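Position 1 is the first residue of the sequence; numbering continues from there. Note that the structure is predicted; figures quoted are calculated from it, not measured. Every heavy atom of this structure was used, including side-chain atoms; hydrogens, water molecules and symmetry mates were not. In listed order, ligands and their atoms are each counted from 1.
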Amino acid sequence: MENGQTESDPKDLLFEKHVNYVTNHGNDKNDFEYTMTEFLRMSGIYWGTTCLDIMGELDKLDKLSIIGFIKKCQCIKSGGISACEEHDPHLLYTLSAIQILCTYNALDEIDVASVGKYVQSLQQPDGSFFGDKWGEIDTRFSFCAVAILALTNQMDLIDVDKAVEFVLSCGNVDGGFGSKPNAESHAGLIYCCVGFLSITHNLHRLETEKLAWWLCERQLKSGGLNGRPEKLPDVCYSWWVLSSLTIMGRSHWISGEKLKEFILSCQDTETGGFSDRPGNLPDIFHTLFGIGALSLLGYPNLKKINPTFCMPEEIVEKLYKVQIMDS
Ligand SMILES: [Zn+2]
């Protein structure tokens, strides 16, 4: 077998271990990892809550302290939300915070209207979005912007047509998308752009067949998926590639059985959690995307996940109707 996979790799989901791994993650405020990840703490909480919710164990986390933390991270001036208290707000963390609040049905705990104004303030004349006041442009931020506005029912605050034109201008001849016009195709950014088009109901603008081919060529002999040609497989790409194919109604173009084997071989049998590939250390990011991809593959005893928002389908259903292509 390749990429560190061995015959003794787990063949089933180590349910209890993952629940413990996620529940205890970041509990010790003195631990190195907790300090190190301050700059993405809000996303870390989103990865953890979503992961537990998909496993039906959300009540293992302290809802009130999580909501209290989010309230402290909203900037009074701009309305945006930061990764952590006293950091600058950013669209990435604003989306994570909104996703967590939706999961807890607690959007009214923050000033949602000023979140909308924050997103609106970051749209540029060409339709693109700055990630924050520092002015970096990336298709990831276009996705965050429409995802936040969709979940909070404020889409009319931006120029959606211009936003769509910008994302389409980042398309490449291979059918994929990059971070900005003329940037190389990359599965993570393809997810953002396909997700963006799913939210704005513009999937017909994709070169579906060409893009689906590019995506299914990401599957390697090990069953795992990579993010670009010539790269190693990685559990998070199981999510970016499979969710894109699912939105496009083409998830059956790859071998789900082989992918499931690869993902299961990335579990840490001692501590719980998933790593990027077999034998590496687990982390909360790859744990969510491993479990999320297994949910898309129909793994038993996991809640159905929405491929566009990476949140339980039952929550998204109540808030927004995404566009999904027929298979
Ligand atoms: Zn990864």
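- The pair E270-K17 does not count as a salt bridge, with every side-chain nitrogen at least 4.0 angstrom from each carboxylate oxygen.
- The existence of a salt bridge linking K210 and D174 is excluded, since no basic side-chain nitrogen approaches an acidic carboxylate oxygen closer than 4.0 Å.
- Contact check on E217 versus R228 returns no salt bridge, with no Lys/Arg side-chain nitrogen under 4.0 Å from an Asp/Glu carboxylate oxygen.
- Here the Zn ion (ligand 1) has protein N, O or S atoms under 2.8 Å from it, and they come to 4.
- In this structure, the side chains of I315 and D53 come closer than 4.5 Å at one or more pairs of heavy atoms.
- The aromatic rings of F285 and W47 stand perpendicular to each other, their planes meeting at an angle above 60°, with 30° marking the opposite boundary.
- Taking CD from Q267 and NE2 from H286, the interatomic distance works out to 14.5 Å, rounded to the nearest 0.5 Å.
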